[in-house]
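All values below were derived from every heavy atom in this structure, side-chain atoms included, with hydrogens, water molecules and symmetry-related copies excluded. Throughout, protein chains are lettered first and strands after them, A, B, ... in sequence-line order, and every chain is numbered starting at 1.
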Number of protein chains: 4
Amino acid sequence: MTTRDRPQRADATRNRAALLAAAEAEFAERGLDASMADIARRADVAKGTVFRHFATKEELIAAIVGGHFQALTEVARALGDAPDAGAALVEFLTMAAGGQAHHDLSFLQTVTEGDSTVAALRDELHAEVEHLVARARDAGAVRHDLTGTDVWVLICAPVHATGFVRDPGPDLWRRYLAIIVDGLRPAGAQPLPGPAPTWP
Amino acid sequence: MTTRDRPQRADATRNRAALLAAAEAEFAERGLDASMADIARRADVAKGTVFRHFATKEELIAAIVGGHFQALTEVARALGDAPDAGAALVEFLTMAAGGQAHHDLSFLQTVTEGDSTVAALRDELHAEVEHLVARARDAGAVRHDLTGTDVWVLICAPVHATGFVRDPGPDLWRRYLAIIVDGLRPAGAQPLPGPAPTWP
Amino acid sequence: MTTRDRPQRADATRNRAALLAAAEAEFAERGLDASMADIARRADVAKGTVFRHFATKEELIAAIVGGHFQALTEVARALGDAPDAGAALVEFLTMAAGGQAHHDLSFLQTVTEGDSTVAALRDELHAEVEHLVARARDAGAVRHDLTGTDVWVLICAPVHATGFVRDPGPDLWRRYLAIIVDGLRPAGAQPLPGPAPTWP
Amino acid sequence: MTTRDRPQRADATRNRAALLAAAEAEFAERGLDASMADIARRADVAKGTVFRHFATKEELIAAIVGGHFQALTEVARALGDAPDAGAALVEFLTMAAGGQAHHDLSFLQTVTEGDSTVAALRDELHAEVEHLVARARDAGAVRHDLTGTDVWVLICAPVHATGFVRDPGPDLWRRYLAIIVDGLRPAGAQPLPGPAPTWP
DNA sequence: CATGAATGAGTTTTCATTCAT
DNA sequence: AATGAATGAAAACTCATTCAT
């Protein structure tokens, strides 16, 4: 009845944050099979507390993925009207890869296919990427046949590539981002084969 | 009691092949969580038979991954003395990606970390890639700061990228291979940042 | 620290009543597995409040069962000296069944086996039933070998029977009460087999 | 492939029977909340074995309920053309109650509502009951306004009633069956109120 | 006093693996 | 050799109960 605002959110907020952090770490280490029990232990809370905050494992994953989309959307927005459109796109890709470098969680996206909240955040980010690419294309900074969706699918590539060597240094992804960025440039570009993918 | 050398190797060989095919299909569809029972059912054999051929799930995965390494090694060897070293490297990457396009099983590699047989096959393939890259580099077909390991880690990138759109056409990976290949070229290449990764 | 005798008993009383009503509804709908959380939600109070009023789920159930026993005891007492003893017994059974028709909670009794308060209320009701039956027997309105305990165990039968059809009308129990009442009559009664049950 | 007939069903058959027996005992003692783990322990098999035989708890319950329906259907069929139709109906009710006397599992029926196999077996039994009642009615052995469905809903009443005393003797149910049977007789019957329930 | 977050034992179910037939 | 039944260690999730605010 007297729900009032929400007073003692102190520990609850702390727990939620601890859970998200623990979950990211566990998923990064163990993959999709990371168990809710291990996540709870890592966050130093009881099993039941995980489910109080995230009713299902999917909901927890959705919170993680959605959070990352939101953070990247803010990055993209901040770059959306930078004077050098080509540099803005590169900066965006650098920030995106840098964020993944610690924990590559891109594989979590497959689980969130059916989640409309995540889908909305994903579409929002995609639109920003499309905008960054359009500006870079108009400025002649990237090849003319490149679409926002092309860039979208390549966002995770630099970090993902580093997963194939034993001990990737913390900055190894920068090499592969550089290669891909060079591949996006108009200079000496061979025409891209096939039609661009449609979104969604 | 070894009355004969191999009594009915026909059945056993057929079963082994059927199991590998079924396992690839199941892993491609269901990811690492594909169950041994489903694989057995798909191969139309009993669960026990799977374990007669592959003592553990890891061993089955190792067989799959090792097989793919072997197949790619043959491809690389066949291209190892082609007259156009640059084209040979591109052809190799195309064959590698084309093979994954149907069934992307690269995620299985993480499970085989500890398997020395797979490691040997992996190293063998890596050496061939190194060879292809060295020739292409010597021929001026790729940027001078590119190593075989750089190419190694990028092999899976084109197909992996296609996983981020809803309905990737069967040839979508060619777009991203084209971008990466353009990024490998010396024309207009910015120097690659950081040291190249060491192998292993 | 007992500054006053009862500060805001109004709220507490209202909550207790709301909780009992909510609990009856939940138990009727979901059976014994109705959760304390759902009961709290239905009563529009917090989970902790349920436990302030009823220290355990068993205590809550005991309160429900005891309340029903008390209500029926009053009904029986009001009929205890009616001029027509046979009609009084039928009226009692009708009132008892009518009360259950909306919410059949007889299954809750099994949980209260160990509760002495409930046992006392139960025995009180049983004594009244015994009285009603004795008077009816003395008046020749029911078979001579019928005991109060026999009637006691049959109280829930009419409503329970209706649970075996899909959509029992709200008055279907009257058919089965009529059959049982006819079975209690002396006319054409075959002697009851075995000894009557004892009441502990 | 070579599924052949089914050879070593020895232990499997034993286990299935042991599981059904254990499940009946557990459900009778603990109600619907009897746990699959306890059932396994009582049957002296591992937890997993329960699920090999009955994929879900509901399936196990359906097997129990369906089995009881089948057994009763055979009883009813055997009595379907007995010369004394009234005695046949009484005999059927006696057999039905006698079967429940040890383990009252009628509450399991509610769980099987959605199971079409059980529904078919239920309808089959209901048809037999309808037949027995029709014959008894035609023979003037039971009241003219009695339907098969009326009898159907009363089948469990005698045993259910015994649940309300502390230590019901093994034959106490016979007293309440006798009362109900007397209530079914035409002698001195008051007309049944309301319409008979429809099936299903 | 009421609230609702936290707890942790318990539930159903899955699955890699073993083993009797 | 093949089969499929049995095993038992998790996993996701629920819920009565406790307790800090």
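Other residues, nucleotides and ligands place no more than 12 heavy atoms under 6.0 Å from the CD atom of B/Glu58.
Here the side chain of B/Asp38 pairs no donor or acceptor atom with the backbone of B/Ala40 at under 3.5 angstrom. Between the side chain of C/Ser116 and the backbone N or O of C/Ala119, no donor-acceptor pair lies under 3.5 Å. For C/Lys57 (side chain) and C/Ser35 (main-chain N/O), no donor-acceptor pair under 3.5 Å exists by modelled atom type. Of the possible donor and acceptor atoms, one in the side chain of A/Asp104 sits under 3.5 Å from a partner among the backbone N and O of A/Ser106. Without hydrogens or angle criteria, B/Asn15 side chain to B/Ala17 main chain gives no donor-acceptor distance under 3.5 Å.
The side chain of B/Met36 sits closest to E/dA16 out of E/dA16, E/dT14, F/dA11. Comparing F/dA6, E/dT18, E/dT13 by their nearest atom to the side chain of B/Lys47 picks out F/dA6. Comparing F/dA10, F/dC13, E/dT3 by their nearest atom to the side chain of C/Val45 picks out E/dT3. Closest to the A/Ala46 side chain, of the nucleotides E/dG8, F/dA5, F/dT14, is E/dG8. Closest approach to the B/Thr49 side chain among E/dT3, F/dA2, E/dA16 is made by F/dA2 (side chain taken as heavy atoms from C-beta onward).
For the OP1/OP2 pair of F/dA6 and a distance below 4.0 Å, the side-chain nitrogens and oxygens of D/His53 include at least one atom meeting the criterion.
For C/His68 and C/Glu24, the side-chain atoms include at least one donor-acceptor pair closer than 3.5 Å.
Using a 4.0 Å heavy-atom distance criterion, B/Asn15 is classed as a sugar-phosphate-only contact. Counting non-hydrogen atoms under 4.0 angstrom, B/Ala34 reaches the backbone sugars and phosphates but no base.
Within residues 106-117 of chain D, no residue has any heavy atom under 4.0 Å from DNA chain F. Of the residues in residues 55-68 of chain C, none lies under 4.0 Å from DNA chain E by heavy-atom distance.
Residue-to-nucleotide proximity on DNA chain E shows that, of D/Phe51 and C/Gly48, the 5′-proximal contact is made by C/Gly48.
Rounded to an integer number of Å, the gap from CZ of C/Phe27 to P of F/dC15 is 12 Å. Counting to the nearest Å, the P atom of E/dT3 and the CG atom of A/Asp11 are 18 Å from each other. What separates CG of D/Leu19 from P of F/dA5 is a distance of 13 Å, to the nearest Å. The distance from atom CZ of A/Arg41 to atom C1' of E/dA6 is 17 Å, rounded to the nearest whole Å. Note: CZ (C/Arg52) to P (F/dT17) measures 16 Å, nearest angstrom. Distance, C/Phe54 CZ to F/dT18 P: 16 Å, rounded to whole Å. Look at CG on A/Asp33: it is 9 Å from P on F/dA11, rounded to the nearest Å. In this structure, CD1 of D/Ile39 is placed 11 Å from P of E/dT13, rounded to the nearest angstrom.
Between C/Ala62 and C/Asp115, the shortest heavy-atom contact is CB-OD2, 3.4 Å. Minimum heavy-atom separation, A/Phe27 to A/Phe107: O-CZ, 3.3 Å.
Electrostatic pairing of C/Arg41 and C/Glu26 does not count as a salt bridge here, judged by no charged N lying under 4.0 Å from a carboxylate O. Between B/Arg42 and B/Glu29, at least one side-chain N (NZ, or NE/NH1/NH2) sits under 4.0 Å from a carboxylate O, which counts as a salt bridge.
The side-chain heavy atoms of B/Phe54 and B/Leu20, taken from C-beta on, include a pair separated by under 4.5 Å.
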Check your understanding: Taking only Watson-Crick and G-U wobble pairs with both distances under 3.5 Å, what dot-bracket line describes DNA chain E, where [ ] shows pairs that cross earlier ones and | shows pairs with another strand?
Key -> .||||||||||||||||||||
